[in-house]
Amino acid sequence: MAQKFSNADIANLLRNIAVAYTLKDEKKHRFQIIAYQNASEAISHSTIELQDVYRDKNLEDFPGIGSSIKKYLEELFEKGSVKHFNSLLETVPKAVFPLLDVPSFGPKKAERLVTHFHLSNPKTVLEDIENLAKNGQIAEIPGFGAKSEQDILRALNEYKRGTNKSDRMILPYAYALSQTILEYMSKCPEIIEIQPLGSLRRMVSTIGDIDLAVTTHTSEKVLDHFVSYPGVERVIERGPTTAAILVSGGKHIDILVLPPESFGSMLQHFTGSKFHNVTLREYSLKKGYSLSERGIKLLKEDSKMKTFTDEKSFYNFLGLDYIPPEIREDQGEIEAAKTHTLPNLVELSDIKGDLHIHSNYPIEPSHDMGQDTMIAHVKKAEELGYAYIGFSEHNPSVMNHTPEQVIEILKRRQEFIEQKIKSKFNVRVFNLLELDILVDGSLAIPDKTFDYLDAVIVSIHSSFSLDKKKMTERIIKGLSHPKAKIFAHPTGRLINKRQGYQVDWEVLFDFVKTNNKALEINSWPTRLDLPDVLVKQARDRGIKFVVNTDSHALEHMDNMFYGVSVARRGWCEKKDILNTYPVTKLENWIQE
DNA sequence: GCCGTTTTCGGCCCGACTGTTTTCAGTCG
């Protein structure tokens, strides 16, 4: 049985190969180094396991992997190690590698320290360096000085405390932090325009640090104001046009300040993603343009930099349609912008209803129930301009009730919805339920109860550790019930807390498509499930989605925005999202 | 070592900042 290698293991190995080449001869191996770094990053960002790609014999299709790396990876999966890699890694002192995880340490700095002091133990190297710095021995090496010695001490200290390793922020937290900073910055009268960019503008599910762009004619004053922010723990850097601060909680805030005529190129540059920018710049180079945050340079002539006040004209100048920030991930959007085939992304205002609401109706559920009444939720739906709403409390607990009691509860609930809710509002109310798919694939309530429901949402709330094949069969069996229409929070992940369970997505996507079911895009900020990457894969196969909030209280219904952002990141158009349909069209699908 | 709508050969993003320098190397995004 071959060894199991995680994507993180493989990415780390390839990064170390890049490091080995860097130390061996950076000039000579320049492009190999880039190739190994690219492969490493692509693998670490992938949501599919590379070992599965290998098993399916698709390694050559994986971006960043060509014929050479493919051969080495095959050797890795078959034999457990790679001869060529091993001999390369032997040329690097082992104590170098732990240092590479510490910010501000790169291959060169790590190697110089390790060789100079003959450090050989990777387990103690961090402490060894710390002690040397404390003794003032590092400042004495040529090329180092008192300041860099202090920087090393601080970097090690922050790394040890986990300051830089803390969880990436979930979206509402990042929003709140950016709002606090924006409020503070708004007191600076020299600012003409300010906007958060980076992964927050792209609405990535987790945010590393906050990026701000500012236009002004007096950058000095703006930067002075920025680094004087009261919550600042440390000013990381401060130059004429950029600065970075560390605030409590270990979060970085970066700022870029430019005159207004460059606002377009600045937005473009600082929004990213890095992968999008690299590909865009490579594409532009071939057309004779060099791109930067300051504008576009024509390589042929000695003409001065062409500047752009808005992003649309920047993209248009390159012969591209405007690309929405959410899909700037180098997933084919540049090609699509060129051929005018970008998707017309779904908007929050396209949403006509929310089908996953937990009210406080006394259903005696198996899991948590909502806080607010059905009536309050319907009123809120009216305020949001919705045409319909679906109540989908958890099923009544089967442990505490006989089947007859469960049937009775749902019969009473149906009567309540018909008589007390439906007749009183213009919003169409769907009588749904969120049902557990049990470990054997059966649904948690007696079959007779389905007579009292319009349809059900099914989901996994137990036995998360089934193997991939069994889990996939379990889901498909549960979803096979004629009244099961939506598979909720399909991966089961909880951001920063729990990985999703194992599912064979190819098989599940086929089933969902063939049987006209839908996958939920759950808007709960720590779920955002189905994740964007899988949304795009499913959408490419023609699968339909329902964007739901999974609300347990009135105010949760405002989270729809996050789910729509996930749909947009998955390239979804209005037609891909079932709860953008008018009520009769949605009714037809539910009753199919 | 990877990659392809001017290429299966000949390219490979771009600039910021810091610390140690006296013109640059290293790291970061």
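Computation of the quantities below employed the complete heavy-atom set of this structure, encompassing side-chain atoms and omitting hydrogens, waters and symmetry-equivalent molecules. In what follows, chains carry the letters A, B, and so on, assigned in the order in which the sequence lines appear, proteins first and then strands, with residues in each chain numbered from 1.
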Could you measure between the two C1' atoms, the one in dT27(B) and the one in dT20(B), and give it in whole Å?
14 Å
At under 4.0 Å between heavy atoms, what does S284(A) touch on the DNA or RNA strands: base, sugar-phosphate, or nothing?
nothing
NZ or CZ of K187(A) within 45° of Y184(A) ring axis and under 6.0 Å
no
Report the relative orientation of the aromatic rings in F317(A) and Y289(A); use parallel for angles under 30°, tilted for 30 to 60°, perpendicular for over 60°.
tilted
Give me the distance, rounded to whole Å, that separates dT8(B) from dG1(B) when you measure between the C1' atoms they each carry.
15 Å
Of the listed nucleotides (dG26(B), dA16(B), dC2(B)), which one gets closest to any side-chain atom of A35(A)?
dC2(B)
Just the rounded figure in Å: distance from P of dG29(B) to CD of Q268(A).
18 Å
Anti/syn call for dT7(B), syn if |chi| within 90°:
syn
Sole residue of L14(A), I10(A), N7(A) in side-chain contact (heavy atoms from CB on, under 4.5 Å) with S40(A):
L14(A)
Write down the distance between NZ (K27(A)) and P (dG26(B)), rounded to a whole number of angstrom.
9 Å
Nearest listed nucleotide, side chain of Q32(A), among dT27(B), dC2(B), dG1(B)
dG1(B)
Gap in Å between the two C1' atoms, one belonging to dG10(B) and one to dG15(B), rounded:
25 Å
dG26(B) and dT21(B), which share atom name P, separated by this distance in whole Å
13 Å
Using a cut-off of strictly less than 4.0 Å, decide whether K108(A) has a side-chain nitrogen or oxygen near OP1 or OP2 of dG26(B).
yes
OP1 or OP2 of dC2(B) versus the side-chain N and O atoms of K71(A): is any pair under 4.0 Å?
no
Report the nucleotide, chosen from dT18(B), dG15(B), dG29(B), that has the shortest atom-to-atom distance to any side-chain atom of H269(A).
dG29(B)
Could you check which of dC17(B), dC28(B), dC14(B) has an atom nearest any side-chain atom of R281(A)?
dC14(B)
Between H217(A) and E190(A), is any side-chain donor less than 3.5 angstrom from a side-chain acceptor?
no
When you get a sec, tell me which of dT27(B), dT6(B), dG15(B) is the closest nucleotide to the side chain of K338(A)?
dT6(B)
What orientation do H84(A) and Y72(A) show, parallel under 30°, tilted 30 to 60°, or perpendicular over 60°?
parallel
Atom NZ of residue position K575(A) - does it have more than 12 heavy atoms of other residues, nucleotides or ligands inside 6.0 Å?
yes
Look at the side chain of S148(A) and decide which nucleotide, out of dT27(B), dC28(B), dG19(B), has an atom nearest to it.
dG19(B)
Side chain of Y72(A) only, please: which of dA16(B), dG1(B), dT18(B) is the nearest?
dG1(B)
Considering only the C1' atoms, how many Å lie between dC2(B) and dC13(B), rounded to the nearest integer?
16 Å
Can you tell which of dT20(B), dG15(B), dG1(B) lies closest to the side chain of K147(A)?
dT20(B)
Give a yes/no on whether any side-chain N or O of R294(A) is located under 4.0 angstrom from OP1 or OP2 of dA16(B).
yes
5' precedence on DNA chain B between A110(A) and Y289(A) (nearest-nucleotide basis)
Y289(A)
Has K24(A) got its NZ or CZ under 6.0 Å from the middle of the six-membered ring of Y21(A), at an angle within 45 degrees of the ring axis?
no
How far, in whole Å, is dT22(B) from dC28(B) if one measures between their C1' atoms?
25 Å
Both K274(A) and G106(A) contact DNA chain B. Which one's nearest nucleotide lies toward the 5' end?
K274(A)
Quick test of your reading of the model: are R539(A) and E573(A) salt-bridged, counting only N-O distances below 4.0 Å?
yes
Here the distance between atom P of dC28(B) and atom CG of L100(A), to the nearest Å, is 10 Å
Contact class for T339(A) vs. all strands (heavy atom < 4.0 Å): base, sugar-phosphate, or nothing?
nothing
Atom CG of N277(A) to atom C1' of dA16(B): distance rounded to whole Å?
14 Å
Whole-Å distance separating the NZ atom of K24(A) from the P atom of dG1(B)
10 Å
I need the CD1-P distance between I236(A) and dG26(B), as an integer number of Å.
22 Å
Please state the C1' separation for the pair dC17(B) and dC12(B) - nearest whole angstrom.
25 Å
Which nucleotide sits closest to the side chain of E282(A): dT18(B), dG1(B), dC12(B)?
dC12(B)
Contact class for L291(A) (heavy atom, under 4.0 Å): base, sugar-phosphate, or nothing?
sugar-phosphate
Is S290(A) near enough to dC14(B) that one of its side-chain N or O atoms lies under 4.0 angstrom from OP1 or OP2?
yes
Heavy atoms under 4.0 Å, any strand shown: does P142(A) hit a base, just sugar-phosphate, or nothing?
nothing
Using a 4.0 Å heavy-atom cut-off across all strands, classify A18(A) as base, sugar-phosphate, or nothing.
nothing
My understanding is that a pair needs two contacts under 3.5 Å, Watson-Crick or G-U wobble. By that rule, which nucleotide pairs with dA16(B)?
dT27(B)
May I ask you to say what G198(A) touches in the nucleic acid, namely base, sugar-phosphate or nothing, with a heavy-atom cut-off under 4.0 Å?
nothing
Winner on side-chain proximity to T242(A), out of dA16(B), dT27(B), dC14(B), is dA16(B)
Answer yes or no for this row: F144(A) ring on dT20(B) base, centroids under 5.5 Å, planes under 30°.
no
